[in-house]
Amino acid sequence: MSRPVVLSGIGHLGPHGPGLEELVRGLEAGSLPTDEVDTRAGFHAPGTARRAAFVPAGACDRWVPAREARRMSPPSRMAVAAARMALEDAELEPDRVAGSDTAVVLGTAFGSTTFTSRLLDQANEEGPLGMSPFLFMETVANAHAGQVGLALEARGPNYTISQGEASALLAVARAAELVASGRARRALAGAVDEISPVLHAALGRLGALSPPRPDGSGERPRPLQQDRDGFVLAEGATVLLLERAEDAERRGGRARARLRAWIRGNDPSGRPGRHGTDARGLSAGLRAGLERADVALSSLERFVSCASGSVAGDLLEAGILRDLLGDGGSFDVVAPKECVGEFAGGFLAAAALGAAPGGAAPAPESTLVELARGRPRPPGRSLWSALSSGGAAAWLVADTDARP
Amino acid sequence: MTVPRENGSGDGVVVTGLGVVAPPGRGLAAFWDGLASGRTSIGEVSLFDTSRHRTRVGGEVRPIDAREPRGGRGGPPSRTDSFALAAARLAIGHAGLPRTALARAGVFLGSSTGGMFEGERVYAALTDAGRRERARVGRLRDQPLGCAAESVARAWGVRGPVETVCSACAASTMALEAALSSLRLGECEVAIAGGADALCELTYGGFNSLRAVSDAPCRPFRADRSGLSLGEGAGILVLETEASARAGGRTPLAELAGAGSSCDAHHMTAPDPGGTGAALALRAALNDAGVRAEDVDLVSAHGTGTPHNEAAEFAALESVFGARAREIAVTATKGATGHLLGACGAVEAVAVVAALGAGAIPPTSGSGAVDDACPVDLVEGAARPIARDAVAVSLNMAFGGANSAVVLRGRPEPGGERP
């Protein structure tokens with residue numbers, strides 16, 4: 001039996017700092033704060049990006065005391081902080097989630113790359129006998145979900161999903177399924193990723209990042225814009241509390257959104273690390289999924305696009321959007337990654353809040369698809385999208401509570 | 001709230017194809033022969049220089065299979081991807097699945113090393129100023145953990161769900177759980193499910209840093225066991241609804257009857273000594289399968305060969321099975337294969353289905369008395385007969401406290417292919 005699932009708490013820390021207010025302010029300002037990446041190791045190729053969107057120092061401190069933080073990598077700290085923030089937002093005491101009926105499902109595209117590179121450095125410089133067991137433990141991709149489970153004594157299913165840019169939404173979909181099917185009463189679901197010099201340099205060398213421009217206007221995400229040239233790498237963590245609607249109601253909790261459907265698919269036309277081109281195939285899969293879920297395309301009011309400024313990825317997304325808009329869709333399109341960057345799940349928080357980048361909209365002729373700004377109408381039914389550069393795709397339909 | 005429609009027919013989910021690339025052999029027959037012989041396939045690692053590591057042995061796949069086509073332009077696949085593609089090809093062929101059925105399939109894999117074997121070489125080049133500009137950075141496209149699943153999906157034109165679970169040693173069992181869920185919900189009718197991992201120095205050195213690795217092939221459940229042996233490979237199961245199998249004329253080899261997962265919430269690397277978390281996963285799987293503890297005939301144990309693991313695992317078995325924990329037949333294939341990390345659950349599930357089809361439980365490699373602290377009825381020395389319609393559970397326990405278990409039920413009907 002499928003049980004209605006609601007989203008009743010959001011925890012987020014990202015480039016705008018910790019908390020939802022900071023995120024909303026950043027979105028309304030239409031900005032993404034970035035800083036220089038440490039390039040002293042010499043990994044970066046000439047002409048490639050030098051800036052990324054970091055979580056401010058100390059952002060986790062209020063939620064992860066030093067004695068706990070010492071046992072964690074940066075992504076684990078961020079994940080635990082975001083999980084505790086989600087419970088605060090839901091007004092749910094941590095002892096209420098301890099137990100075997102709470103699942104943890106996190107997505108991560110890269111895991112702890114700072115610890116991985118430190119461990120490899122140890123192996124290269126001191127030999128394998130110099131490798132630190134603590135570093136090793138935190139390089140395992142499910143360490144962050146494990147730390148959340150440990151911190152909250154959540155003994156239900158503990159999943160970590162890694163599927164590139166689709167990791168976050170696939171994690172939420174998996175979590176929703178666990179709650180809907182009764183395998184868990186509630187789930188802490190979301191994503192975490194961190195920036196390291198080698199990761200940033202590698203993505204730059206692979207042509208994925210928005211590079212500098214002579215006029216200083218480079219290294220910016222330009223989702224769905226004609227002159228996009230790559231995404232901006234971000235770090236952070238977002239965790240959503242999903243629970244049975246009946247449980248949220250019983251405890252007087254607020255449902256920020258009701259999750260109506262989740263749909264997963266794949267575009268087999270891509271290559272490793274490069275988006276494919278079969279927008280029509282993906283669109284067909286999405287429409288079939290909506291039909292199975294009894295969600296009419298015409299009922300969608302907002303499409304929260306995963307567009308990030310990726311040259312190929314945004315083109316694929318635009319193809320899907322044009323297909324849907326030409327087939328009876330009449331929704332606004334927003335692209336929050338303009339203000340939260342790519343990876344780390346900031347997109348999830350923005351989507352869950354119904355928030356969108358503010359400021360002046362780009363001229364329609366300069367975009368692949370017309371973009372809405374701010375909150376031109378109260379968010380109602382929205383569809384959130386995710387397209388991995390390896391082909392995997394995920395979409396989620398949420399009926400967002402109009403209250404802030 | 002709606003999700004993809006439920007499988008209203010009440011059909012079960014069955015296994016119709018098996019594919020495996022593992023140290024005992026490539027392909028089901030070679031793999032089974034290796035397991036059934038009781039021999040270990042763990043030996044000196046030749047993939048990289050182990051002279052500076054604490055230990056020398058591991059379960060290496062050799063020789064590496066010829067590079068499988070990845071279904072698109074690009075360089076060679078990573079070692080992990082190669083294993084996944086080869087095992088998938090074997091499983092799909094075993095099932096006799098036409099390509100047309102795969103367009104609507106889903107791919108659910110577990111992995112914990114991804115392309116790290118190649119990635120650590122690129123990293124070494126990037127950190128060397130003299131080699132930096134010749135570093136094959138393009139190989140890093142194969143590095144992410146999700147690449148193997150996407151490679152498989154790409155190779156067979158899959159348009160259904162694609163998901164990679166990377167919950168360490170429980171990853172591929174959880175991938176089987178994810179596939180089971182999707183099939184039951186009707187999100188797809190066929191799933192390519194399993195796991196793949198390759199040896200790499202990061203993991204080899206890392207486990208050694210924990211002092212968890214034996215300097216000889218691991219000997220699960222033995223009193224003088226001294227640690228695990230790392231291994232590599234891939235196991236893939238073709239899962240489908242019974243209706244899909246019937247419509248395609250494919251004979252089920254076994255039923256994937258249930259699955260369950262949990263988290264110890266005890267420690268990041270050591271299992272809860274009371275086995276509480278693992279017991280939760282076992283009970284959840286049995287409950288999901290509608291199977292009573294007293295009806296289980298076989299346990300495929302996680303059995304790594306570390307003192308902590310087997311003690312905790314026995315505590316879990318006692319919690320669930322009571323006194324029967326000392327009587328149910330137990331096999332632990334890591335003695336033959338090594339610990340395949342993210343792929344171990346899938347390879348062990350392949351072994352269980354193969355065992356049910358053969359009507360024989362493979363012996364656990366290694367010698368020595370079973371530890372009094374974990375007094376299981378260990379199948380050793382020679383294969384032991386088992387009814388073909390027996391019920392088996394396969395359990396895995398991972399870093400981060402993740403635990404996962406599946407319940408597999410054999411089929412009594414003749415014609416189910418023997419390995």
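Order of the sequence lines fixes the chain letters, A, B, ..., with proteins taken first and strands second; residue numbering starts at 1 for each chain.
The side-chain heavy atoms of B/E150 and A/S389, taken from C-beta on, include no pair separated by under 4.5 Å. Two residues are said to be in side-chain contact when any heavy atoms from C-beta on lie closer than 4.5 Å; A/Q163 and B/V162 meet this criterion. Counting only heavy atoms from C-beta outward, the side chains of A/R155 and B/D264 never approach each other to under 4.5 Å. Residues A/V140 and B/M268 form no side-chain contact, since every pair of their non-hydrogen atoms from C-beta on lies 4.5 Å or further apart.
Options B/A170, B/G157, B/P144 differ in how many heavy-atom pairs under 4.5 Å they form with chain A, and the most are formed by B/G157. Of the listed residues (B/L202, B/L145, B/L140), the one with the most heavy-atom contacts under 4.5 Å to chain A is B/L202. Heavy-atom pairs under 4.5 Å with chain A were tallied for B/G400, B/C188, B/S261, B/G106; the largest tally goes to B/S261. Across B/A135, B/G160, B/A402, the residue that shares the most heavy-atom pairs under 4.5 angstrom with chain A is B/G160. Contacts with chain B were tallied for A/R174, A/E138, A/E153, A/H144; A/R174 has the most, counting heavy-atom pairs under 4.5 Å. For the options A/A103, A/G107, A/G146, heavy-atom pairs under 4.5 Å to chain B are most numerous at A/G146.
Residue-environment remark: CZ (B/R121) exceeds the threshold of 12 foreign heavy atoms within 6.0 Å. Environment of CD in A/E246: crowded, with over 12 heavy atoms of neighbouring residues, nucleotides or ligands closer than 6.0 Å. Annotation for A/R280: atom CZ does not count as buried by contact number, only 12 or fewer foreign heavy atoms lying within 6.0 Å.
In plain terms, the two heavy atoms of B/S181 and A/E177 that are nearest each other are OG-OE2, 2.7 Å.
Within the 4.5 angstrom heavy-atom criterion, only backbone atoms of A/A154 (N, CA, C, O) approach chain B. Only the backbone of A/A123 comes within less than 4.5 Å of a heavy atom in chain B; its side chain stays farther off. Only the side chain of B/L280 has a heavy atom closer than 4.5 Å to any heavy atom of chain A. For B/T276, no part lies near chain A; criterion is any non-hydrogen pair under 4.5 Å. Using a 4.5 Å cut-off between heavy atoms, B/F207 contacts chain A through both its backbone and its side chain. Within the 4.5 angstrom heavy-atom criterion, atoms from both the backbone and the side chain of B/T164 approach chain A. For chain A, the nearby part of B/D288 is the side chain; its heavy atoms alone come within less than 4.5 Å. Of the atoms belonging to B/A129, not a single heavy atom falls under 4.5 Å from chain A. Of the two parts of A/A41, only the backbone, made up of N, CA, C and O, holds a non-hydrogen atom closer than 4.5 Å to a non-hydrogen atom of chain B.
A distance-only check finds a donor-acceptor pair linking the side chain of B/S167 to the backbone of A/T160 [under 3.5 Å]. Between the side chain of A/N142 and the backbone N or O of B/F399, at least one donor-acceptor pair lies under 3.5 Å.
Expressed to the nearest 0.5 Å, how far CD of B/Q143 lies from CG of A/L199 amounts to 10.0 Å. Here the straight-line distance linking atom CZ of B/R154 with atom CG of A/D267 works out to 9.0 Å at 0.5 Å rounding. Rounding to the nearest 0.5 Å places OG of A/S100 at 10.0 Å from CZ of B/R283. One distance of note links CZ of B/R159 with CG of A/N266; it measures 8.0 Å at 0.5 Å rounding. Annotation: the span from A/L119 atom CG to B/S209 atom OG amounts to 7.0 Å, rounded to 0.5 Å. Residue A/M131 holds its CE atom at 10.0 Å from CZ of B/R54, rounded to the nearest 0.5 Å.
Salt bridge A/R183/B/E177: present, at least one basic N to carboxylate O contact under 4.0 Å. Salt bridge annotation for A/R205-B/E133: present, with a cationic side-chain nitrogen under 4.0 angstrom from a carboxylate oxygen.
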Next on the checklist: Test side-chain contact (heavy atoms from CB on, under 4.5 Å) on A/F43 and B/T127; report intermediate values, then the result.
Outcome noted: CA-CA 7 Å; A/F43 296 139; B/T127 54; 3.6 Å; yes
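Sequence neighbours left out, the pairs with a member in residues 119-132 of chain A that pass side-chain hydrogen bond (donor to acceptor under 3.5 Å, both in side chains) are A/D121-B/Y123.
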